[in-house]
Amino acid sequence: MNVDLVVVGAGFFGLTVAERCANELGLRVVVIDKRDHIGGNAYSSVEPETGIEVHRYGAHLFHTSNKVVWDYVNTFTSFTDYRHRVYTTHKGEVFPLPINLGTINQFFHSAYSPTEARALISEQAAEGAVATVANLEDKAVALIGRPLYEAFIRDYTAKQWQTDPRELPAEVISRLPVRYNYDNRYFSDTYEGLPVDGYTAWIERMADHPNIEVRLSTDFFDLDQEINIRDTVGTVPVVYTGPVDRYFDYSEGPLSWRTLDFEEEVVQTGDYQGTPVMNYADTDVEYTRIHEFKHFHPERDYPADKTVIMREYSRFAEDADEPYYPVNTAVDRERLLRYRERIAEQPNVIFGGRLGTYQYLDMHMAIGAALSTFENKLRPLFATDAPA
Ligand code: FAD
Ligand code: UDP
């Protein structure tokens, strides 16, 4: 094969690497993906009856505080001024998220000032305090106290992860801010927005280069292909963004993942829930949240009498399922360390992205990591004067 670099996976990590190598270094890059589309989990397409853009693997909201990433992504697309806000339903009542003064006052039927609310929550947090914060439950109780934890976090988290919150790492909850004012923006980043003409247009522009060849429906591990891509390992460098355990034939044991099931429905009403995302905090509702896609783009001319909703259900991934979220139990972390030792024995393969590093990465993190991989590993590797 007449190529300089093989990239496995056409998600944001793989495409950023491919784009940089083609544009900056003039390399010939083949990008393969086992799916029949590019974009990885950020892929979106138009629902035909309504014309509404649907994020096929769950709602994707772009946000970052990294100026380098923001400038980079803006070379492919402009962004709307969308600001993400989420509400949650608990015992038949709707509350704003992330937990803020509005949530606290509504929950306690009170009118606390920021100082009073802080005092109350720190008193409640002190009641459940433990010497060492070892897991998600400890961390959440330390942040918001037990009553708010039990209402908004405990059952939602159990539904989402199907794992006792005492066995989940504390970092999972650290993604959610707690605010003592009425600011209910979900993200605290400097830059935020949605791609003006959709994720797929953005992603296609990244791959649009004469030196980039994309081969879809091509599995790296499928040995019956016309050209066995796997044979290229050893002849050209490979950037691999598939699951790390799969690469090594699960030699150190499988890593656990959470997957999602999406139930999409076209509803004959102009507005189903009045907001893009409604979470369901309680166990009596089986799904974790409902997305209503038209609300992501109020600036678009979408039909006034129809809408698309998607109910999201969460469960452990089995063999044939898409791996979405690393569960990261203590056993997983131990296995990951052993896989990292095996990665170190593969000098010709660079492991990247969410699946390749078994890390929860937002889009801006995957893109940022790919830009660093390009500068720190690939550019030196291909520099003509690189040491042998
Ligand atoms: P991926 O997008 O997963 O791409 C990896 C690609 O590799 C896939 O296309 C896969 O088909 C391919 N592949 C795997 N194995 C093989 C193989 N053997 N052969 C060939 N190809 C293979 N981020 C945000 O910033 N904001 C959000 O709101 C947000 N919401 C999310 C919601 C969900 C449900 C999920 C799952 C993720 C969300 N993310 C969000 C994260 C975002 O999807 C990732 O940051 C981004 O997709 C990472 O890109 P990646 O290239 O690492 O991985
Ligand atoms: N979370 C919760 N209740 C909510 C929203 C979030 O308990 O209503 C917890 C849950 O453990 C979740 C974590 O906070 O896994 C991170 O939330 P986020 O919205 O970032 O999850 P994601 O969108 O990545 O699924």
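Indexing begins at 1, ligand by ligand and atom by atom, following the structure's order.
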Mind checking whether [X] contacts ligand 1 via backbone (N, CA, C, O), side chain (CB onward), both or neither, at a 4.0 Å heavy-atom cut-off?
X	answer
Y325	side chain
A59	backbone
L260	side chain

Below 6.0 angstrom between ring centroids: does that apply to [X] and [Y]?
X	Y	answer
H364	H63	yes
F296	H55	yes
F351	F248	yes
Y339	Y247	no
W202	F76	no

Nearest neighbour in protein (non-hydrogen) for [atom]:
atom	value
atom 25 (O) of ligand 1	M363 N, 2.7 Å
atom 51 (O) of ligand 1	F13 N, 3.0 Å
atom 6 (C) of ligand 1	D33 OD2, 3.5 Å
atom 7 (O) of ligand 1	G9 CA, 3.2 Å

(message) Please determine whether side chain to side chain contact (heavy atoms under 4.5 Å, CB included) holds for the pair Y191 and N66, giving the CA-CA distance in whole Å, both sets of side-chain angles, and the decisive distance to 0.1 Å.
(response) CA-CA 8 Å; Y191 310 105; N66 184 329; over 6 Å; no

Kindly confirm or rule out an N or O of [X] lying under 3.5 angstrom from an N or O of ligand 1.
X	result
D219	yes
N41	yes
Y240	no
F220	yes
H60	yes
L355	no
K34	yes
H364	no
L361	yes
F12	yes

(request) With Y325 as reference, evaluate Y360, Y57, F316 under the ring-ring contact (aromatic ring centres under 6.0 Å, His included) test and give the passing residue. (result) Y360

(request) For residues V6 and V239, determine if any side-chain heavy atom of one lies less than 4.5 Å from a side-chain heavy atom of the other. (result) no

(request) For residues R379 and L25, determine if any side-chain heavy atom of one lies less than 4.5 Å from a side-chain heavy atom of the other. (result)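 Sidechains of L25 and R379: in contact.
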
(message) Less than 4.0 angstrom from a charged side-chain N to a carboxylate O is my criterion; do E375 and R20 meet it?
(response)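 Looking at E375 and R20, the cut-off is not met.
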
(request) Could you tell me whether E53 and R300 make a salt bridge, using a distance below 4.0 angstrom between a side-chain N and a carboxylate O? (result) yes

(request) With a 4.0 angstrom cut-off on heavy atoms, strictly below it, pick out the residues next to ligand 2 and order them by chain and number. (result)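 Residues near ligand 2: L97, F152, I153, Y156, T157, Q160, W161, V172, I173, R175, L176, Y186, N279, R289, Y325, Y360.
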
(request) Assess the side chains of S217 and D36: does a donor N or O sit below 3.5 Å from an acceptor N or O? (result) no

(request) Could you tell me whether the side chains of T288 and Q160 share a donor-acceptor contact shorter than 3.5 Å? (result) no

(request) Report the relative orientation of the aromatic rings in H37 and Y43; use parallel for angles under 30°, tilted for 30 to 60°, perpendicular for over 60°. (result) parallel

(message) I'd like to know whether ligand 1 has P243 as a neighbour, heavy-atom separation below 4.0 Å.
(response) yes

(message) Check contact between D222 and ligand 1, using heavy atoms of the residue and a distance below 4.0 angstrom.
(response) no

(request) Locate the shortest heavy-atom distance separating P96 from G102; write the atom from each residue and the value. (result)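 Heavy atoms only, the tightest pair is CG-C, 4.1 Å.
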
